[in-house]
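Source: prediction; values computed, not measured. To find a chain, count down the sequence lines: A is the first, B the second, and so on, and within it residues start at 1. Quick note: numbers below take in every heavy atom, side chains included, and nothing from hydrogens, waters or symmetry partners.
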Number of protein chains: 2
Amino acid sequence: MKRDSRLSSVLHALLHMAEQDGPVTSETLALCLGTNPVVVRRTMGYLRQAGIVTSERGHAGGWRIHADLGSVTLRQLHEALGEPATFAIGNRNETPECLVEQTVNAALEGTFAEAEALLLTRFSEITLADLASDFARRHSALRHSRNKS
Amino acid sequence: MKRDSRLSSVLHALLHMAEQDGPVTSETLALCLGTNPVVVRRTMGYLRQAGIVTSERGHAGGWRIHADLGSVTLRQLHEALGEPATFAIGNRNETPECLVEQTVNAALEGTFAEAEALLLTRFSEITLADLASDFARRHSALRHSRNKS
DNA sequence: TTTTCATGAAACAAATGATGTTACGAAAAA
DNA sequence: TTTTTCGTAACATCATTTGTTTCATGAAAA
Ligand code: FES
Ligand code: FES
């Protein structure tokens, strides 16, 4: 199955934007992500609808973060993207008449629901600020290792 | 995304087989699952490789469970199917050079790993016998409600 | 005002992966 | 020998994500 990588994409884009002063164009972000500006607009559009970023047209236009880094969680981003399906595994038939299949579905659904709840909880505990500081730590560590060598 | 429903399928098939005395043909299972006998053979073939079922050709041939219902866990079945990818969400680039993306990936991977661990743990706690008794309970409840009405 | 730069949006194309189908061979029993 | 049933390969279909092309719209610069 082809995995939905939009959450990964917007995180990369947002952290990139967080390091810039002015707005960042779709063109620039597309180069970073190795994709097409139209794909960037399409994906970032979801975040604009959610009020997380803003966009401006024309000269000096582009995308800006419209929120405090510490107030945006991965869960909010996941929701902004429309809460895409979490699992690549699922039931064959969602509304089966067969009692055997209902039994199987119930067992699987319960288990998947539990795992998804954990995932969403963790998502709600991670903010953009967390990732930014994590990045700063990695960046610093890289500089140190470079100085040593 | 199109979800992998093979685990759901084989569970349905196995519970069906558990209620039968003799072997069950791919044709019969395909009718139950609403699919094609070849798909059944293809999928059940994984379970045969794992030693969970056996198959016989010719007259009175078909599929048999080759294990105790209480000893087969959902996790074993998941493994027999080749441990298909759990999540429909993932990183854009698995081996990025960009430190920003590495940071994002690490955060997401850690979270997904945690959720997957929970899922596999639950899978390892559920056996075919559990599902069979769950089915019996549902079946009995259905009969009671029918008698009442 | 005209040109340039940028997003917005629709429509279409490509790539991927799961599932379904067809066809033929091999083995086992009737 | 005929029938049944699995084993396997090859191909077709379907759904979804991602990428691409195209044109319109708005905003700033020249
Ligand atoms: S931030 Fe631009 S390539 Fe990673
Ligand atoms: S067991 Fe055969 S249809 Fe559910």
Side-chain angles (χ1 to χ4, degrees), chain A residues 1-10 12-13 17 20 22-49 53-64 66 81-94, chain B residues 1-10 12-13 17 20 22-49 53-66 78 81-94:
Chain A
M1 153 200 311
K2 201 168 208 173
R3 287 177 167 178
D4 182 334
S5 62
R6 291 177 303 161
L7 181 57
S8 170
S9 293
V10 300
H12 190 172
M17 289 159 64
Q20 297 293 113
V24 182
T25 67
S26 304
E27 178 82 33
T28 302
L29 292 174
L31 283 174
C32 280
L33 298 173
T35 181
N36 190 295
V38 178
V39 174
V40 172
R41 286 187 202 112
R42 184 192 291 160
T43 310
M44 296 294 285
Y46 290 100
L47 305 193
R48 184 185 49 227
Q49 283 180 29
V53 301
T54 59
S55 61
E56 290 171 274
R57 297 201 258 203
H59 274 90
W63 300 89
R64 288 176 197 269
H66 188 63
L81 291 173
E83 302 195 64
T86 306
F87 296 101
I89 305 176
N91 293 324
R92 178 173 187 80
N93 180 350
E94 289 303 333
Chain B
M1 155 228 307
K2 204 167 209 175
R3 288 176 167 176
D4 182 334
S5 61
R6 291 177 303 161
L7 181 58
S8 170
S9 294
V10 300
H12 190 173
M17 290 158 65
Q20 297 293 114
V24 182
T25 67
S26 303
E27 178 82 32
T28 301
L29 291 174
L31 283 174
C32 280
L33 298 174
T35 182
N36 191 295
V38 178
V39 174
V40 172
R41 287 189 202 111
R42 184 194 291 159
T43 310
M44 296 293 287
Y46 289 101
L47 305 193
R48 182 184 50 226
Q49 282 180 28
V53 301
T54 59
S55 61
E56 290 171 273
R57 298 201 257 204
H59 276 90
W63 300 89
R64 288 176 197 269
I65 297 182
H66 188 63
H78 178 68
L81 292 172
E83 301 196 64
T86 305
F87 296 102
I89 304 177
N91 293 323
R92 177 173 189 80
N93 181 347
E94 290 302 334

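We find the CG-CG distance between A/N36 and A/L29 to be 12.5 Å, quoted to the nearest 0.5 Å. Note: B/T54 OG1 to B/L47 CG = 11.5 Å, rounded to the nearest 0.5 Å. Separating the CZ atom in B/R42 from the CZ atom in B/R6 is a distance of 9.5 Å, to the nearest 0.5 Å. Taken to the nearest 0.5 Å, the OG1 atom of A/T86 stands 5.0 Å off from the CD1 atom of B/I89. Taking NE2 of A/H12 as the reference point, atom CG of B/N93 lies at 9.0 Å (rounded to 0.5 Å). In this structure, the separation between CZ on B/R41 and OG1 on B/T25 is 8.5 Å, given to the nearest 0.5 Å.
Side-chain contact, A/S55 with A/R48: a donor N or O sits under 3.5 Å from an acceptor N or O. Side-chain N/O atoms of B/W63 and B/S26 include a donor and acceptor closer than 3.5 Å.
A distance-only check finds no donor-acceptor pair linking the side chain of B/T28 to the backbone of B/V24 [under 3.5 Å].
Of the residues in residues 27-35 of chain B, none lies under 4.0 Å from DNA chain D by heavy-atom distance. Within residues 36-43 of chain B, the residues that have a heavy atom under 4.0 Å from DNA chain D are, in order of number, B/V38, B/R41, B/R42.
When the C1' atoms of four end pairs are superposed on the next four at each end of the helix from C/dT1-D/dA30 to C/dA30-D/dT1, using five pairs per end, the two resulting axes differ in direction by 10°, to 10°.
Atom CD1 in B/I89 sits roughly 16 Å away from atom C1' in D/dT18 (whole-Å rounding). Between the CZ atom of A/R6 and the P atom of D/dT16 there is a distance of 13 Å, rounded to whole Å. Atom pair B/D4:CG and C/dG17:P shows a separation of 13 Å (rounding to whole Å applied). As a whole-Å value, the separation of A/F87 CZ from C/dA18 C1' is 19 Å. Between A/Q49 atom CD and C/dT7 atom P the separation is 17 Å, expressed in whole Å. The distance between atom CH2 of B/W63 and atom P of D/dT5, rounded to the nearest whole Å, is 14 Å. Remark: P of C/dA27 and CZ of B/R48 are 14 Å apart, rounded to the nearest angstrom. If you measure from atom CZ of A/R3 to atom P of C/dA18, you get 11 Å, rounded to the nearest angstrom.
With sequence neighbours left out, B/N91 forms a side chain to side chain contact (heavy atoms under 4.5 Å, CB included) with A/S8, B/E94, B/N105, B/L108, B/E109. With sequence neighbours excluded, no residue forms a side chain to side chain donor-acceptor pair (under 3.5 Å) with A/T35.
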Anything under 3.5 Å between a protein N or O and an N or O of nucleotides 26-28 of chain D, put it in a table, one pair a line.
residue: D/dG26; atom: O4'; partner: A/R57; partner atom: NH2; Å: 3.4
residue: D/dG26; atom: N2; partner: A/G58; partner atom: N; Å: 3.0
residue: D/dA28; atom: N3; partner: A/H59; partner atom: ND1; Å: 3.3

Between B/R64 and B/V53, does the side chain to side chain contact (heavy atoms under 4.5 Å, CB included) criterion hold? Intermediate values first, please.
CA-CA 5 Å; B/R64 288 176 197 269; B/V53 301; over 6 Å; no
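The cationic group of B/R3 does not satisfy the cation-pi geometry with A/F87, failing either the under 6.0 Å distance to the six-membered ring centre or the 45° limit from the ring axis.
With a 4.5 Å cut-off on side-chain heavy atoms, A/M44 and A/Q49 do not count as touching.
If you check every strand for non-hydrogen atoms under 4.0 Å, B/G45 touches nothing.
Using a 4.0 Å cut-off, some side-chain N or O of B/S26 falls inside it from OP1 or OP2 of D/dC6. At least one side-chain nitrogen or oxygen of A/S5 sits closer than 4.0 Å to the OP1 or OP2 atom of D/dT18.
Under 3.5 Å, the side chain of A/K2 and the base of D/dT17 form at least one donor-acceptor pair of N or O atoms.
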